[in-house]
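Starting from 1, each residue takes its place in the sequence as its number. Note: hydrogens, waters and symmetry copies are ignored here, and every other heavy atom, side chains too, is used. Predicted model only: the values in this text are computed from it and were never measured.
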Amino acid sequence: MAKEIFIEKSVQINCNSSSVFDFVKYAVNMEKYSVWNMADPDKKTEYTGIDGTVGFIYRWDSKVKNVGAGEQEIVKIDTGKSIEFALRFERPMKNTGSSKITVITEGENTSRVIWEFRGPTKFPMSLFKGIFEKMLGKDIDKSLMNLKDNLEK
């Protein structure tokens with residue numbers, strides 16, 4: 001049985017990498033591109049710390065089942081290159097995970113954004129690993145397209 005879900009998706013954005021990184025390093029900007037954040041504009045949110053810095057925590061609580069409740073903490077930043085998050089979900093299922101967004105320069109005004117997600121799976125949920133990876137992969141792809149649309153305007 002698989003003990004971990006791992007998803008990696010990417011998109012090319014016609015924008016320089018420093019502008020892209022300056023946008024994605026702020027967790028609150030996920031309100032503009034993450035399908036999960038955008039699914040419930042009425043969710044309760046709470047922020048602790050300084051966004052764009054290690055230790056910043058974004059908490060959410062939604063009545064929308066797919067959004068649920070939890071928190072995301074910035075745990076590592078490699079300035080100009082990547083940002084890593086710890087994820088702690090309360091609802092709809094209690095779980096943990098991690099996420100990493102990496103920005104790579106592909107040209108003077110072209111960047112590649114890679115979004116990774118990792119999360120543990122325990123039996124019996126591990127039986128549905130493929131289904132979860134497919135569903136989450138679609139959501140990450142859509143979020144990356146939203147990010148592309150925002151930054152290329």
Let me see the working for L151 and V20 under side-chain contact (heavy atoms from CB on, under 4.5 Å), right down to the final yes or no.
CA-CA 7 Å; L151 291 173; V20 174; 3.9 Å; yes
According to side chain to side chain contact (heavy atoms under 4.5 Å, CB included), who are the partners of T53, at least two apart in sequence or on a separate chain?
I50
Shared hydrophobic cluster for Y26 and M38 (ILVMFWY, side-chain gaps under 4.5 Å):
no
List, by chain and number, the other hydrophobic cluster members for I104, where Ile, Leu, Val, Met, Phe, Trp and Tyr join if side-chain heavy atoms come within less than 4.5 Å, directly or indirectly.
I114
Side chain to side chain, I140 and I7, heavy atoms closer than 4.5 Å
yes
Please enumerate all residues that pass side chain to side chain donor-acceptor pair (under 3.5 Å) together with D40, with sequence neighbours excluded.
S62
If Ile, Leu, Val, Met, Phe, Trp and Tyr residues are connected whenever their side-chain heavy atoms lie under 4.5 Å apart, and connections chain through other members, are W115 and F89 in the same group?
yes
Under 3.5 Å, side chain of D51 to main-chain N/O of V28, donor-acceptor pair present?
yes
Can you give the donor-acceptor pairs under 3.5 Å from side chains of residues 73-85 to other protein atoms, not counting sequence neighbours?
from : atom 1 : to  : atom 2 : distance (Å)
E73  : OE1    : R88 : NH1    : 3.4
E73  : OE1    : R88 : NH2    : 2.7

When clusters are formed by joining ILVMFWY residues with side-chain heavy atoms under 4.5 Å apart, either directly or through shared neighbours, do L147 and L136 land in the same one?
yes
So how far is it from E71 CD to I57 CD1, rounded to the nearest 0.5 Å?
5.0 Å
Run the side chain to side chain donor-acceptor pair (under 3.5 Å) test against D22 and tell me which residues pass, sequence neighbours left out.
none
CG (D61) and CZ (R59) are apart, to the nearest 0.5 Å, by 11.5 Å
D149: what forms a side chain to side chain donor-acceptor pair (under 3.5 Å) with it, not counting sequence neighbours?
none
By side chain to side chain contact (heavy atoms under 4.5 Å, CB included), K142 pairs with (sequence neighbours left out) V35, N146
Listed by chain and number, what are the ring pair (Phe, Tyr, Trp, His ring centres under 6.0 Å) partners of W36, not counting sequence neighbours?
none
Enumerate the residue pairs fulfilling salt bridge (charged side-chain N to carboxylate O under 4.0 Å, His left out) with a member in residues 5-15, sequence neighbours excluded, ordered by first and then second residue.
K9-D141
Check S143 against S34 and note the closest heavy-atom contact, atom names and distance.
OG-CA, 3.5 Å
Under 3.5 Å, is there a donor-acceptor pair between the side chain of K148 and the main chain of V11?
no
Are the side chains of E31 and T45 in contact, using a 4.5 Å heavy-atom criterion?
yes
Among the clusters formed by ILVMFWY side chains lying less than 4.5 Å apart, do M145 and V113 turn up in the same one?
yes
Might you point out which heavy atoms bring V67 and A39 nearest each other, and give the distance in Å?
CG2-CB, 3.5 Å
What pairs of residues pass the salt bridge (charged side-chain N to carboxylate O under 4.0 Å, His left out) test when at least one of them lies in residues 106-118, not counting sequence neighbours?
E4-R118, E106-R112
Residues forming a side chain to side chain donor-acceptor pair (under 3.5 Å) with T102, sequence neighbours excluded:
none
S111 backbone acceptor or donor facing S17 side chain under 3.5 Å
no
Here the gap from C15 atom SG to N109 atom CG, rounded to the nearest 0.5 Å, amounts to 7.5 Å
Sequence neighbours excluded, the answer for ring pair (Phe, Tyr, Trp, His ring centres under 6.0 Å) partners of Y58 is Y47, W60
With rounding to the nearest 0.5 angstrom, report the CZ to CD1 distance, F23 to I101.
10.5 Å
